[in-house]
Amino acid sequence: MALSGSRPVLGLTTYLQQAQTGIWDVRASFLPAIYIDGVNLAGGIAALLPPQPVDAEIASRVLDGLDGLIITGGRDVDPAGYGQQPHPATDEATADNRQRDALEFALVDGAIRRGYAGTRDLPWRAGDQRRAGRHPASASARRDRPHPHQQGNAVFSTSAVRTVPGTRLASLIGESSDAQCYHHQAIDRLGDRLIVSAQDSDGVIEAVEIPGENFVLAVQWHPEERLDDLRLFAGAVQAAATYATEKVSA
């Protein structure tokens with residue numbers, strides 16, 4: 001994808017957990033390269049954002065160096081964050097996972113306030129996820145239960161999702177799409193300003209967004225698993241490029 005001017009920089013959140021590479025078995029921050037490929041192929045520059053201690057000031061400093069934000073797929077959101085008890089199948093809320101949640105919530109809050117390009121799975125843990133932020137504009141209650149969208153054993157299910165006419169998502173991908181899903185958490189009640197932009201045949205909310213000029217979009221599926229279709233990545237990168245241009249002109 002060709003973009004005029006400088007290529008925008010998009011921050012991508014990462015995992016933090018025990019990992020093996022060669023002879024080493026260490027606690028590490030990492031992200032599957034396919035996410036980076038998606039951003040690069042769409043014309044952007046990827047910058048990785050590892051979980052670390054955060055407050056509003058730290059989040060603001062991180063966002064100073066970015067033009068857009070992608071909250072990537074990851075482990076389950078801690079149900080305590082949306083007032084529910086964990087399901088037996090829910091991932092353990094380890095200290096590292098809670099630190100990632102805190103960083104992503106802070107970054108989403110700051111990005112929305114600034115008005116720049118952001119997406120979940122485009123992964124808001126929107127990779128699965130896609131998680132919703134705590135900011136009043138984006139907070140959503142979730143439900144946590146077994147779901148056919150998560151088959152297990154790293155096997156993605158293909159789910160037909162239908163978009164809502166007139167939404168940003170519909171303008172990007174059309175009336176429907178075959179989505180690669182791997183989630184068992186889903187949005188139960190929408191937060192302020194959020195609207196539904198896609199659902200599956202069972203009525204599960206698969207995408208939400210905030211209407212308006214700013215690009216704020218969250219999907220429950222994994223667009224990075226289909227790099228033959230870059231429309232979501234391209235939309236995020238183009239929005240980031242527009243933000244970068246306006247930031248320089250301001």
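When reading the values below, keep in mind they use all heavy atoms of this one structure, side chains included, and skip hydrogens, waters and symmetry mates. Count residues from 1 along the sequence.
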Engineer: Within the structure provided, determine whether L217 and L172 are in side-chain contact (heavy-atom separation under 4.5 Å).
Structural biologist: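 In short, these two side chains touch, coming nearer than 4.5 Å.
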Engineer: Would you say the side chain of L16 lies within less than 4.5 Å of the side chain of R100, judging by non-hydrogen atoms?
Structural biologist: no
Engineer: Any heavy-atom pair between the side chains of T14 and P51 that's under 4.5 Å?
Structural biologist: yes
Engineer: Can you confirm whether F105 sits close enough to V54 that some side-chain heavy atom of one is under 4.5 Å from a side-chain heavy atom of the other?
Structural biologist: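 Side chain of F105 against side chain of V54, heavy atoms only: no contact under 4.5 Å found.
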Engineer: Answer whether the closest heavy-atom distance between the side chains of L69 and L49 falls below 4.5 Å.
Structural biologist: yes
Engineer: Let me check something: do V216 and I195 share a hydrophobic cluster, defined by ILVMFWY side-chain heavy atoms less than 4.5 Å apart, either directly or through other members?
Structural biologist: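 No, because V216 and I195 fall into different hydrophobic clusters, even though each may have its own neighbours under 4.5 Å.
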Engineer: With side-chain contact (heavy atoms from CB on, under 4.5 Å) as the criterion, how do Q199 and R162 come out once you've worked through the C-alpha distance, each side chain's angles and the decisive distance to 0.1 Å?
Structural biologist: CA-CA 6 Å; Q199 293 177 285; R162 294 196 64 82; over 6 Å; no
Engineer: In sequence, state the C-alpha distance, the side-chain angles, and the governing distance for D200 and Q220, and then conclude on side-chain contact (heavy atoms from CB on, under 4.5 Å).
Structural biologist: CA-CA 10 Å; D200 69 6; Q220 282 268 119; over 6 Å; no
Engineer: Any heavy-atom pair between the side chains of P8 and V237 that's under 4.5 Å?
Structural biologist: yes
Engineer: Filter on salt bridge (Lys or Arg N to Asp or Glu O under 4.0 Å), then keep only pairs touching residues 29-48, sequence neighbours left out; what's left?
Structural biologist: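 As it turns out, there is no salt bridge (Lys or Arg N to Asp or Glu O under 4.0 Å) pair with a partner in residues 29-48 once direct neighbours are skipped.
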Engineer: Main chain of E57, side chain of S60: is a donor-acceptor contact present, judged purely on distance under 3.5 Å?
Structural biologist: no
Engineer: Measure across F233 and Y35 and return the closest heavy-atom pair with its distance rounded to 0.1 Å.
Structural biologist: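 Here F233 and Y35 meet closest at CE2-O, 4.0 Å.
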Engineer: May I ask you to decide whether R98 forms a salt bridge with D101, counting only side-chain N to carboxylate O separations under 4.0 Å?
Structural biologist: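 Not counted as a salt bridge, because no side-chain N and carboxylate O are separated by less than 4.0 Å.
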Engineer: Do N97 and E92 have a side chain donor and acceptor closer than 3.5 Å?
Structural biologist: no
Engineer: Mind running side-chain contact (heavy atoms from CB on, under 4.5 Å) on S29 and L48 for me, showing each step along the way?
Structural biologist: CA-CA 9 Å; S29 296; L48 301 188; over 6 Å; no
Engineer: Working note: L169 + L232, criterion side-chain contact (heavy atoms from CB on, under 4.5 Å); need CA distance, chi angles, decisive distance, verdict.
Structural biologist: CA-CA 8 Å; L169 181 63; L232 282 177; 3.6 Å; yes
Engineer: Could you check if a side-chain atom of V161 sits within less than 4.5 angstrom of a side-chain atom of W221, using non-hydrogen atoms only?
Structural biologist: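 A side-chain contact under 4.5 Å exists here.
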Engineer: Considering only NZ, NE, NH1 and NH2 on the basic side and carboxylate oxygens on the acidic side, decide whether R114 and D64 come within less than 4.0 Å.
Structural biologist: yes
Engineer: At what distance, to the nearest 0.5 angstrom, does CG of L31 lie from CG of L12?
Structural biologist: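 Between L31 CG and L12 CG, I get 6.0 Å after rounding to 0.5 Å.
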Engineer: Which ILVMFWY residues are connected to W24, directly or by a chain of links, through side-chain heavy atoms under 4.5 Å apart?
Structural biologist: I23, V26
